[in-house]
Amino acid sequence: MAPLPALLIGGWPMAGLTIGLCYGVQFLPAVVGVIRSAEHTGVARATWWMALVEAAIWLLYGLSIGDLPLIVGGVGGAAMSALILGRVWLVATRSLGDPRTASSYRRSALSAGRALARR
């Protein structure tokens, strides 16, 4: 519904720009969730790599034809995807050096193995 007022006020160029902005903004809840959480086991890195590549392609295409809505959407999508991937990478590299994290993974793996053995 966001593009409709923009369409009525500024026509198709304004509606396209609004859609481009919405493309980047739609990732904002995921970015906030990843930043707030220290546990990223549910984050599929491949999905965010694909989103980053998709946004980069739209950005390059927008730059090649000079289309501002595509450029805005590409920048927004690429930035949000890169933020998520960067945060997941940062937490993963920090946890590799943290002995508490490594031991908690070992403990959970051992308890899961024991639970399977009991069945």
Side-chain angles (χ1 to χ4, degrees):
M1 291 306 298
L4 184 59
L7 176 64
L8 296 174
I9 294 169
W12 288 109
M14 183 65 80
L17 188 58
T18 303
I19 291 169
L21 287 170
C22 289
Y23 176 74
V25 172
Q26 75 178 343
F27 296 136
L28 195 57
V31 171
V32 171
V34 165
I35 289 173
R36 286 186 177 176
S37 174
E39 183 65 36
H40 300 126
T41 56
V43 177
R45 292 181 188 140
T47 299
W48 292 105
W49 276 110
M50 287 188 291
L52 179 64
V53 169
E54 175 195 9
I57 290 170
W58 281 115
L59 172 62
L60 291 173
Y61 179 64
L63 288 170
S64 72
I65 64 170
D67 188 11
L68 184 61
L70 290 178
I71 294 168
V72 169
V75 167
M80 296 296 179
S81 300
L83 281 170
I84 290 173
L85 288 168
R87 175 68 176 158
V88 170
W89 176 80
L90 183 66
V91 169
T93 57
R94 282 185 183 168
S95 67
L96 288 176
D98 187 1
R100 292 173 295 163
T101 306
S103 64
S104 70
Y105 285 134
R106 272 188 244 117
R107 278 194 304 265
S108 65
L110 286 173
S111 65
R114 286 185 193 126
L116 287 173
R118 280 186 234 138
R119 289 185 183 178

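What you see is a predicted model, and the numbers here were worked out from it, not measured in a lab.
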- Gap between atom OG1 of Thr18 and atom CG of Leu4 - 0.5 Å precision: 10.5 Å

- Item | Same apolar cluster: Trp49 and Leu60, side chain cutoff 4.5 Å | no

- Task: Would you mind listing every side-chain hydrogen bond (donor to acceptor under 3.5 Å, both in side chains) that reaches into residues 19-29, with sequence neighbours excluded?
- Result: Tyr23-Glu54

- In the hydrophobic cluster built from side-chain contacts under 4.5 Å, what are the other members alongside Val53? Ile57

- Query: How many angstroms lie between atom OG1 of Thr47 and atom CG of Leu52, to the nearest 0.5 angstrom?
  - Reply: 12.5 Å

- Note on the structure: Heavy-atom nearest pair, Ala55 first then Gly77, reads CB-C, 3.6 Å

- Residues that Val31 engages under side chain to side chain contact (heavy atoms under 4.5 Å, CB included), provided they are two or more places apart: Ile35, Met80, Leu83, Ile84

- Message: Clusters formed by hydrophobic residues whose side-chain heavy atoms approach within less than 4.5 Å: which one holds Tyr61, and what are its other members?
- Response: Trp58, Ile65, Leu70

- Query: Does anything in residues 64-89 pair up under side-chain hydrogen bond (donor to acceptor under 3.5 Å, both in side chains), and if so which pairs, sequence neighbours excluded?
  - Reply: none

- Item | Side chain proximity check, Val88 to Arg45, heavy atoms < 4.5 angstrom | yes

- Message: Among residues at least two apart in sequence or on other chains, which ones pass side chain to side chain contact (heavy atoms under 4.5 Å, CB included) with Ile71?
- Response: Leu59, Leu63, Val75

- Give me the other members of the hydrophobic cluster that Val72 sits in, counting Ile, Leu, Val, Met, Phe, Trp and Tyr linked by side-chain heavy atoms under 4.5 Å, directly or via other members. Leu17, Leu21, Leu68

- Message: Determine whether a donor-acceptor pair (N or O, by modelled atom type, separation under 3.5 Å) exists between the side chain of Ser37 and the backbone of Val34.
- Response: no

- Note: with side-chain heavy atoms under 4.5 Å as the link, the other cluster members for Ile19 come out as none

